[in-house]
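Worksheet: the structure to be examined is printed underneath.
In this chain, numbering begins with 1 at the start of the sequence shown.
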Amino acid sequence: MKRSKLAIWSIPILVTMAFAGCSNTVTTPTNNTQVSYTKGDSYGYHAFVLNATSGQPSGTTDTITSTIAATDGTFDSMVNVTTILNSHTHPASGTSLDTTYISQNNGNFYHYNYGLEALNNDAAVLAIANSGKSIEVGWVLQAKLSANSGDKWIGVNDTLSLNSPTLGGAVTAYLTDNVTEEGDTTISVNNSPVVTKHSVHNISLSIPGSFSAEETVDTYVSVADGTVLNIDHPTSLVGSAAPGLETIFIGKVD
């Protein structure tokens, strides 16, 4: 599987990176275990499709405005849920409006249906695996805000019931997400340094004897701003590959 490391530098004017400790101007937030979202706040992002072969950005930039619609709610058996409404200018999925759900407790940063964005944006893959419908995985442990470099955890481990006429109808799929914490990383957003927790998700989706897909996701989460950078690398499939998706935080929106 190819990890498009160069894609992280695709907008050097907006985002540059260095390992935490290399900058003397970084101010570490005092609350290091939870992102504090405020209802009505809006965050801006740029998103790029990553070419399945080269791993480099391609196509039109999708500008995303994410607005905090509610905090401290409940959703799908989780509490302390933040609901975020996302508006896209050029969505990879073809849907201009969608919703993100985040739940937090004890430094754990859960993200609903996280990690399969690239697969769910690929119509050819979904046609094989799930009759063209998005694959839903539920709550995934995207980040641990108090994790140390080298820590490991299971983002999700689930058995899914999918429907694939291509594969003969009802099928059972197995999804695993093994996560490793990397070193803390400082990302400059509009010339302001932001300390992030960097973790790598190694995700495997398989239908035994019929279909398999593997992908790697690098995610950078800050207690100051939530997800700052997310690189869903191109996905390795049996006999082919699916494009990836890179999303970069560009600052709060007034």
Exercise for review: Kindly write out the residues that satisfy salt bridge (charged side-chain N to carboxylate O under 4.0 Å, His left out) with D98, not counting sequence neighbours, or none if the list is empty.
Suggested key: none

Review point. Looking at residues at least two apart in the chain, or sitting in another chain, which of them share a salt bridge (charged side-chain N to carboxylate O under 4.0 Å, His left out) with K133?
Key: none

What are the two closest non-hydrogen atoms of [X] and [Y], and how far apart are they?
X: F48; Y: P57; value: CB-CB, 3.9 Å
X: K144; Y: L141; value: CE-CD2, 3.6 Å
X: V221; Y: A143; value: CG2-CB, 3.8 Å

Study note, to complete from the structure: Result for side-chain contact (heavy atoms from CB on, under 4.5 Å) between Y45 and one of I64, V228, I250 points to I64

Report yes or no: does [X] contribute a side-chain atom to a donor-acceptor pair with the main-chain N or O of [Y] at less than 3.5 Å?
X: T247; Y: A47; value: no
X: T185; Y: G183; value: yes
X: T38; Y: D41; value: no
X: W139; Y: S77; value: no
X: T89; Y: T63; value: yes
X: N130; Y: N163; value: yes
X: H233; Y: G55; value: no

Do [X] and [Y] have side-chain heavy atoms sitting under 4.5 Å apart?
X: I102; Y: I84; result: yes
X: S204; Y: S212; result: no
X: D158; Y: V137; result: no
X: E246; Y: L229; result: yes
X: E182; Y: D218; result: no
X: P243; Y: L50; result: no
X: N113; Y: Y101; result: no
X: T227; Y: Q142; result: yes

Practice item. Assess whether side-chain contact (heavy atoms from CB on, under 4.5 Å) is satisfied between N105 and Y110, documenting all intermediate values. Key: CA-CA 9 Å; N105 66 71; Y110 291 92; 3.7 Å; yes

Going by distance alone, is a donor N or O of one side chain under 3.5 Å from an acceptor N or O of the other, for [X] and [Y]?
X: Y114; Y: N230; answer: yes
X: N51; Y: S58; answer: no
X: S66; Y: N86; answer: yes
X: T196; Y: S222; answer: no

Quick one: [atom1] on [X] to [atom2] on [Y], what's the gap to the nearest 0.5 Å?
X: T100; Y: H111; atom1: OG1; atom2: NE2; value: 4.5 Å
X: F109; Y: T33; atom1: CZ; atom2: OG1; value: 12.5 Å
X: T82; Y: F75; atom1: OG1; atom2: CZ; value: 13.0 Å
X: I135; Y: L160; atom1: CD1; atom2: CG; value: 7.5 Å
X: K152; Y: N178; atom1: NZ; atom2: CG; value: 8.5 Å
X: D232; Y: E215; atom1: CG; atom2: CD; value: 4.5 Å

Check your understanding: What pairs of residues pass the salt bridge (charged side-chain N to carboxylate O under 4.0 Å, His left out) test when at least one of them lies in residues 190-203, not counting sequence neighbours?
Key -> D184-K197

Check your understanding: Should M78 and Y112 be regarded as members of a common hydrophobic cluster, given that ILVMFWY residues are connected when their side-chain heavy atoms come within less than 4.5 Å of each other, either directly or indirectly?
Key -> yes

Point to revise | Hphob cluster co-occupancy, V35 + V189, side-chain heavy atoms under 4.5 angstrom | key: yes

Point to revise | Plane angle bin for Y43 and F249 - parallel if under 30°, tilted between 30 and 60°, otherwise perpendicular | key: tilted

Practice item. Using the side-chain contact (heavy atoms from CB on, under 4.5 Å) rule, take E181 and W153 through it: C-alpha gap first, then chi angles, then the decisive distance, then the call. Key: CA-CA 9 Å; E181 183 71 15; W153 66 90; 3.4 Å; yes

